[in-house]
Amino acid sequence: MKTNPVSKKISVTVHLTPNDLDEMELKDKNLVVIDVLRASTTIAMALQNGAKEIMPVGSIENAVKISGSLFGGVTLRAGERNSKMIEGFNLGNSPKEFTEDVVKGKSIIFFTTNGTVAIGKGKHAKNLVIAGFVNLSLVVDFLSTLNEDIVILCAAKENTFCVEDAVCAGRIINKMSSLQSIDLLLDDAGIACAMLDKGFGKSILKMLKSSEHGKYLTEIGFVDDLKICAGLDTVPVLPVLTGNVIKLQKEKL
Ligand code: MLT
């Protein structure tokens, strides 16, 4: 039990899937969206490599409509359907594709089956940050400085539980709990995630390889992406939703 008299109780609510979650429930919340495989990782990678902004959209039709009216050359369409590249798009959803020479200075219209849909649910949030293992410590720093109640939303897979997002949520919780100045009040989903991280989080890559989506990505030829997504703090950037685009948080709170 922490005895620090200045520590404030921060309540953490975890949604293990976006299922049945109404946008208005997330209004004015401090929201963390997690899609370890692979949208969170890809977004972090694109922004680290100089993409100007990423516009998450909820459907392929919207991606086509929006990019149609934008200036060619500075706008890219990226994303996936069933984790595979979409016809007519410039990029898929493999973090490997988002290299500096491809994305620097570009606006990216981004659709993914689960990740961008979960982000869309948080469009009325007060703060929305994108988290994966690759930028975990920076997310924890941000949340600790914020020192306010938090909601964590796991993108999951087609509204069913995903172990990798839950373990990542648990790692955020465990890292925050270890800070002397922070006293967390967890819901049951948060307690379960923290325990999952303690049980399965020792080898992130092993955990990703044993996950359903990890196995599927391996089967369709993206095993290298699992290694990238398993990197801890390897892409130290903080993607935040600003208006309707995701950008890097530059200024400290
Ligand atoms: C998603 O948002 O559904 C994913 O990131 C799927 C993937 O491409 O691995």
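Numbers for residues simply follow the sequence, beginning at 1. Indexing begins at 1, ligand by ligand and atom by atom, following the structure's order. These numbers come from a predicted model, not from an experiment.
Here the side chains of Leu31 and Val129 are not in contact, with every heavy-atom distance at 4.5 Å or above.
At the shortest separation from atom 3 (O) of ligand 1 among protein heavy atoms lies Asn114 ND2, 2.7 Å.
Counting only N and O atoms by type, the side chains of Asn93 and Thr112 include no donor and acceptor under 3.5 Å apart. No hydrogens or angles considered: nothing links the side chains of Ser40 and Asp35 as a donor-acceptor pair under 3.5 Å. For the residue pair Thr75/Lys106, the side-chain donor-acceptor check at 3.5 Å is not satisfied.
The cationic atom of Arg38 (NZ for Lys, CZ for Arg) lies less than 6.0 Å from the six-membered ring centre of Phe222 and within 45° of the ring axis.
Less than 4.0 angstrom separates some heavy atom of Thr113 from each of these atoms of ligand 1: 1 (C), 2 (O), 3 (O). For ligand 1, the atoms sitting less than 4.0 Å from at least one non-hydrogen atom of Leu37 are 4 (C), 5 (O), 6 (C), 9 (O), numbered in the order shown with element in parentheses.
Using a 4.0 Å heavy-atom cutoff, His213 is listed among the residues neighbouring ligand 1.
At a heavy-atom distance under 4.0 Å, only side-chain atoms of Glu80, from C-beta outward, approach ligand 1. When heavy-atom distances to ligand 1 are checked against a 4.0 Å cut-off, Leu217 comes that close only through its side chain, counted from C-beta outward. Contacts of Thr116 with ligand 1, taken as heavy-atom pairs under 4.0 Å, are absent altogether.
Between the Asn49 side chain and the Phe98 main chain, a donor and an acceptor come within less than 3.5 Å of each other.
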